[in-house]
Engineer: 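Got a structure here, written out as structure tokens. Questions coming.
Positions are given from 1, in the same order as the sequence printed here. In this text the structure is predicted, and so the values were computed from the model without any measurement. What you see below is based on every heavy atom in this structure, not just the backbone, and it leaves out hydrogens, waters and symmetry mates.
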Amino acid sequence: MSNFKNIDISIVVPLYNEEEVFDKLIQRLTSVINNTSFSCEVILVNDGSSDKTDTLIQKICKEDTRFTGVLLSRNHGHQLAVTAGLQYVRGKKGAMIIDGDLQDPPELVNQFYDLLINGYDVIYAVRKNRKESFIKKMAYSSYYRLQKKVSNFNIPIDSGDFSMLSRRVVDTMNNMPEQSRYLRGMRAWVGYKQIAYEYDRDERHAGETKYSWTKLFELAFNGIFNFSDFPVKIITRLGFLTVIFSLIYFGYNIYRKIYYNDVPQGFSATILAIILFSGVQLISLGLIGEYVLRIYNQVRNRPLFIVDSVIQEGKEINK
């Protein structure tokens, strides 16, 4: 760790089965850190890859001491892989977070750094254009706008994890122990002086996306339930709606009895009432369950991730 005092910015890159893009990634990262006016290190986090990513990380880290490898014991997921990388940041001015698929151009480190030294603590990238399917674009756009509407504070829309954080923001986020992590929400919650930087998101350079629809929904739920009390409030609103519906239906029955001397009867009305109230109850239990699950995961107090080994300055420092 002899170069600690000379590092200005740490670039954190989570990787999961990225052997197809790895060589191009290293080529571009090397070019970037060779041509900056400030000193950089790159932290490559292997998130339990099952291909050769692990071996490739070890190789580059032993050949070039500007690269640090953090090898996790298994696949912990993208958000925790980034969290692990942030724990090893040595940059005295801050850190940059990018994805390993080269959809986030590492060359923007210079523009982000200029904003950092001009007093901004968080420079978050906002996607002007996404080169993805129409369905995904619509899903992302709808989610970000829903999140903005229900969140307890402002989480910028169309912004991902691609960002640069000042040293104090990195330290603050490292001290936030929550298990169900939603980094872009945590980043916004920290506050300080933040600014958006618009860019065109590139296509994945090679390989396939590691974010399945299931993982995307899990991330979306973390964004909603971790930073909004709207789901709890909606239970109360559903309760009021069902009471109002019941009173209206009761009034309708009284009206029919007084003026027509009959009351709607039959199997259909009974089934409708059962389905309606059962559905409301199940939705309510599900929403409460999302919060209970997060509480359960938190109180177990397990470590966020397990590190198998770290390669720093060309040497394996623990295992």
Engineer: Rounded to the nearest 0.5 Å, how far does CE of Met176 lie from CG of Leu183?
Structural biologist: 9.5 Å
Engineer: For Gly100 and Leu25, work out which heavy atoms get closest and say how close.
Structural biologist: O-CD2, 3.9 Å
Engineer: With side chains defined as the heavy atoms from C-beta onward, is the minimum distance between Ile195 and Val122 less than 4.5 Å?
Structural biologist: no
Engineer: Does Glu18 offer a backbone N or O that forms a donor-acceptor pair with the side chain of Thr53 under 3.5 Å?
Structural biologist: yes
Engineer: So which heavy atom on Val126 is nearest to which on Ala196, and how close?
Structural biologist: CG2-CB, 3.7 Å
Engineer: CG/Asn118 to NZ/Lys193 distance, rounded to the nearest 0.5 angstrom?
Structural biologist: 8.0 Å
Engineer: Determine yes or no for a side-chain-to-main-chain donor-acceptor pair under 3.5 angstrom, with Asp64 supplying the side chain and Ile60 the backbone.
Structural biologist: no
Engineer: With sequence neighbours excluded, tell me which residues meet salt bridge (Lys or Arg N to Asp or Glu O under 4.0 Å) with Asp171.
Structural biologist: Arg167
Engineer: For side-chain contact (heavy atoms from CB on, under 4.5 Å), just list the numbers for Asp99 and Leu15, CA-CA rounded to whole Å, side-chain angles, deciding distance to a tenth of an Å, and then say yes or no.
Structural biologist: CA-CA 8 Å; Asp99 283 341; Leu15 297 167; over 6 Å; no
Engineer: Whether Arg168 engages the ring of Tyr192 as a cation-pi pair (distance to the six-membered ring centre under 6.0 angstrom, angle to the ring normal within 45°) should be assessed.
Structural biologist: yes
Engineer: Does the separation of the ring centres of Tyr199 and Phe162 fall below 6.0 angstrom?
Structural biologist: yes
Engineer: Can you tell me how far the CD atom of Gln103 sits from the CD1 atom of Ile98, to the nearest 0.5 Å?
Structural biologist: 11.5 Å
Engineer: Between Asn46 and Gln58, is any side-chain donor less than 3.5 angstrom from a side-chain acceptor?
Structural biologist: no
Engineer: Taking the side chain as everything from C-beta on, heavy atoms only, tell me whether Val32 gets closer than 4.5 Å to Val42.
Structural biologist: no
Engineer: Can you list everything that forms a side chain to side chain donor-acceptor pair (under 3.5 Å) with Ser50? Sequence neighbours excluded, please.
Structural biologist: Asn17
Engineer: Are any of the side-chain heavy atoms of Ile43 and Val70 separated by less than 4.5 Å?
Structural biologist: yes
Engineer: Check whether any side-chain N or O of Ser10 sits under 3.5 Å from a backbone N or O of Gly91 as a donor-acceptor pair, and report yes or no.
Structural biologist: yes
Engineer: Please walk me through it: do Asp161 and Tyr124 pass side-chain contact (heavy atoms from CB on, under 4.5 Å)?
Structural biologist: CA-CA 8 Å; Asp161 296 319; Tyr124 57 90; over 6 Å; no
Engineer: Under the salt bridge (Lys or Arg N to Asp or Glu O under 4.0 Å) test, which residues partner Lys59, sequence neighbours left out?
Structural biologist: Glu63
Engineer: Find the distance between CG (Leu102) and CD (Gln27) and round it off to the nearest 0.5 Å.
Structural biologist: 9.5 Å
Engineer: Which residues satisfy the side chain to side chain contact (heavy atoms under 4.5 Å, CB included) test with Asp23, sequence neighbours excluded?
Structural biologist: none
Engineer: Using the ring-ring contact (aromatic ring centres under 6.0 Å, His included) criterion, which residues pair with Tyr197? Sequence neighbours excluded.
Structural biologist: Phe112
Engineer: Can you name the side chain to side chain contact (heavy atoms under 4.5 Å, CB included) partners of Asn34, sequence neighbours left out?
Structural biologist: Thr30, Arg66
Engineer: Is the shortest heavy-atom distance from the side chain of Cys40 to the side chain of Asp8 under 4.5 Å?
Structural biologist: no
Engineer: Taking salt bridge (Lys or Arg N to Asp or Glu O under 4.0 Å) as the definition, give me every residue that meets it alongside Glu19, ordered by chain and number, with sequence neighbours left out.
Structural biologist: none
Engineer: With heavy-atom distances below 4.5 Å as the criterion, would you say the side chains of Thr68 and Leu44 are in contact?
Structural biologist: no
Engineer: What pair of heavy atoms forms the shortest contact from Pro177 to Leu304, and how long is it?
Structural biologist: O-CD2, 3.8 Å
Engineer: Tell me the closest heavy-atom pair linking Gly69 and Cys61, and the distance in Å.
Structural biologist: N-SG, 3.2 Å
Engineer: What salt bridge (charged side-chain N to carboxylate O under 4.0 Å, His left out) pairs are there with at least one residue in residues 239-250, not counting sequence neighbours?
Structural biologist: none
Engineer: Any donor-acceptor pair under 3.5 Å linking the side chain of Arg187 with the backbone of Leu165?
Structural biologist: no
Engineer: Could you tell me which residues satisfy side chain to side chain donor-acceptor pair (under 3.5 Å) with Ser166, sequence neighbours excluded, listed by chain and number?
Structural biologist: Asp121
Engineer: Within this structure, what is the CG-CD1 distance for the pair Leu71 and Ile311, rounded to the nearest 0.5 Å?
Structural biologist: 5.0 Å
Engineer: Taking all non-hydrogen atoms of both residues into account, name the closest pair between Gly85 and Val45 and its distance.
Structural biologist: CA-CG2, 3.6 Å
Engineer: Output all residues satisfying side chain to side chain contact (heavy atoms under 4.5 Å, CB included) with Ile306, sequence neighbours left out; order by chain, then residue number.
Structural biologist: Ser73, His76, Pro303
Engineer: So, do Arg181 and Val82 sit near enough that their side-chain heavy atoms are less than 4.5 Å apart?
Structural biologist: no
Engineer: Could you tell me which residues satisfy ring-ring contact (aromatic ring centres under 6.0 Å, His included) with Phe38, sequence neighbours excluded, listed by chain and number?
Structural biologist: Tyr113
Engineer: Hey, does Ile97 have a side-chain heavy atom less than 4.5 Å from the side chain of Ile11?
Structural biologist: no
Engineer: Considering only heavy atoms from C-beta outward, does the side chain of Val12 approach that of Met96 to under 4.5 Å?
Structural biologist: no
Engineer: With rounding to the nearest 0.5 Å, note down the distance linking CD in Gln111 to CE in Met164.
Structural biologist: 9.5 Å
Engineer: How close do Leu72 and Ala84 get, counting heavy atoms only, and between which atoms?
Structural biologist: CD2-CB, 3.9 Å
Engineer: Mind jotting down which residue pairs meet the salt bridge (charged side-chain N to carboxylate O under 4.0 Å, His left out) criterion with at least one end in residues 31-55? Sequence neighbours excluded, please.
Structural biologist: Glu41-Arg90
